[in-house]
Amino acid sequence: MATDSENLSSLLFQALNISLSFRIQFHRLNIKNDPRLEGLIKMADLTINLAAICTPADYNTRPLDTIYSNFIDALPVVKYCSENSKRLIHFSTCEVYGKTIGCFLPKDSPLRQDPAYFVLKEDASPCIFGPIEKQRWSYACAKQLIERLIYAEGAENGLEFTIVRPFNWIGPRMDFIPGIDGPSEGVPRVLACFSNNLLRHEPLKLVDGGKSQRTFVYVKDAIEAVLLMIENPARANGHIFNVGNPNNEVTVKQLAEMMTQVYSKVSAEPPLDIPTIDVSSEEFYGEGYDDSDKRIPDMTIINRQLGWNPKTSLWDLLESTLTYQHRTYAEAVKKAISKPVAS
């Protein structure tokens, strides 16, 4: 497992042990160089690969590590599953879609409102990335290439596979709080970034004004989808599944505003007079950053094959998550802030 995926792995394995009628053994190893890997895959009925570097702050600063983690290091997992006729559930990303067709239309074009130009379909939508010098796309390209390799193994060698494309799974324990349970210089994904700001009573930083649009799904809902994939191989094998909640669509700026309101409610602390500030993407992520404009998942395939639909509203999942964040981290952050800085 790679560090960035450990929290999701832990949540998933706990859910599996509770929901399924067998015990799961957890082995901590580095998949790129541990000789135990093939033996463990041979012993298992199913391999679920969540190992990844999957934090946007790393895509520019660690593009080589990002590419190796998400493509090169995943190759042995796919190879051993295929050679030993073992089923594979591989976690990819919604980032494989890149930019929407709609973002290339004139800003005043009425076609921008047509779902055909921004709703993302597993079996139809193109994958459109920025230029090579925009290293932000190192992650998406690596993930897309491993998807293509898995699909080819299925077509040529009979690999039984399911590919999962998560659309911003969020909830308690999904990421780290810098300096508390993660590196102080680290930059986690958006929910943990904003949570860290709220816990420290700092304005939330909106990258390029927070104009990008995203959908967010509660991790507990998403894990239910994965359980259905595990329990229904005949309906899941050979498919790529979007796992998201199109009803929870907001701009990143709107997310910040909602989180500010919710945190004030759960912490009983008044919001800051200036709750957000704008920063450029180059300042926040470094040179070479680029972004996708909008990610709305089409849910047709997963609903048809597995009967799954997400249930939790954005407000409810934020209230649950920020209640957890405040209860778990508020005192630790307060102590960290009060420590004298070494000169």
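Just the heavy atoms: all of them, side chains too, but no hydrogens, waters or symmetry mates, feed the values below.
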| task | May I ask you to decide whether Arg214 forms a salt bridge with Asp291, counting only side-chain N to carboxylate O separations under 4.0 Å? | result | yes

| Pair Asp293 + Lys99, salt bridge at N-O below 4.0 Å | no

Reported [atom1]-to-[atom2] distance for the pair [X] and [Y], which is rounded to 0.5 angstrom:
{"X": "Leu317", "Y": "Ile170", "atom1": "CG", "atom2": "CD1", "answer": "4.5 Å"}
{"X": "Glu160", "Y": "Ser82", "atom1": "CD", "atom2": "OG", "answer": "10.5 Å"}
{"X": "Ile230", "Y": "Asp45", "atom1": "CD1", "atom2": "CG", "answer": "11.5 Å"}

| task | Could you walk me through whether Asp181 and Tyr329 pass side chain to side chain donor-acceptor pair (under 3.5 Å), step by step? | result | CA-CA 9 Å; Asp181 59 358; Tyr329 297 113; 2.5 Å; yes

| task | Determine the minimum heavy-atom distance between Asn49 and Ala74, stating which atoms define it. | result |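 Of all heavy-atom pairs spanning Asn49 and Ala74, the closest is ND2-CB, 4.0 Å.
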
Taking everything shown except [X] itself, do over 12 heavy atoms lie less than 6.0 Å from its [atom1]?
{"X": "Glu269", "atom1": "CD", "value": "yes"}
{"X": "Asn33", "atom1": "CG", "value": "yes"}
{"X": "Lys32", "atom1": "NZ", "value": "no"}
{"X": "Lys220", "atom1": "NZ", "value": "no"}
{"X": "Tyr68", "atom1": "OH", "value": "no"}

| task | Given salt bridge (charged side-chain N to carboxylate O under 4.0 Å, His left out), test Glu153 with Lys79 step by step and report yes or no. | result | CA-CA 8 Å; Glu153 281 286 355; Lys79 176 174 178 283; over 6 Å; no

| Sequence neighbours excluded - side-chain hydrogen bond (donor to acceptor under 3.5 Å, both in side chains) pairs with any residue from residues 108-118 | none

| said: Going by side-chain contact (heavy atoms from CB on, under 4.5 Å), Gln144 matches just one of Val96, Leu149, Thr93, Asn70. Which one? | reply: Val96

| task | Could you list the residues that satisfy side-chain hydrogen bond (donor to acceptor under 3.5 Å, both in side chains) with Asp208, not counting sequence neighbours? | result |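 For Asp208 the side-chain hydrogen bond (donor to acceptor under 3.5 Å, both in side chains) partners, ignoring immediate neighbours, are Ser281.
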
Could you list the donor-acceptor pairs under 3.5 angstrom formed by side chains in residues 296-309, with sequence neighbours left out?
| unit_1 | atom_1 | unit_2 | atom_2 | d |
| --- | --- | --- | --- | --- |
| Asp298 | OD1 | Thr300 | OG1 | 3.4 |
| Asp298 | OD2 | Thr300 | N | 3.0 |
| Asp298 | OD2 | Thr300 | OG1 | 2.8 |
| Gln305 | NE2 | Arg235 | O | 2.8 |
| Gln305 | NE2 | His239 | NE2 | 3.2 |
| Trp308 | NE1 | Asp221 | O | 3.1 |

| said: Quick check on the 6.0 Å ring-centre criterion: do Phe161 and Tyr151 meet it? | reply: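 Close enough - the centres of the two rings lie under 6.0 Å apart.
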
| query | Where do Tyr97 and Asn242 land on the side chain to side chain donor-acceptor pair (under 3.5 Å) test, with the steps shown first? | reply | CA-CA 11 Å; Tyr97 293 109; Asn242 290 338; 2.8 Å; yes

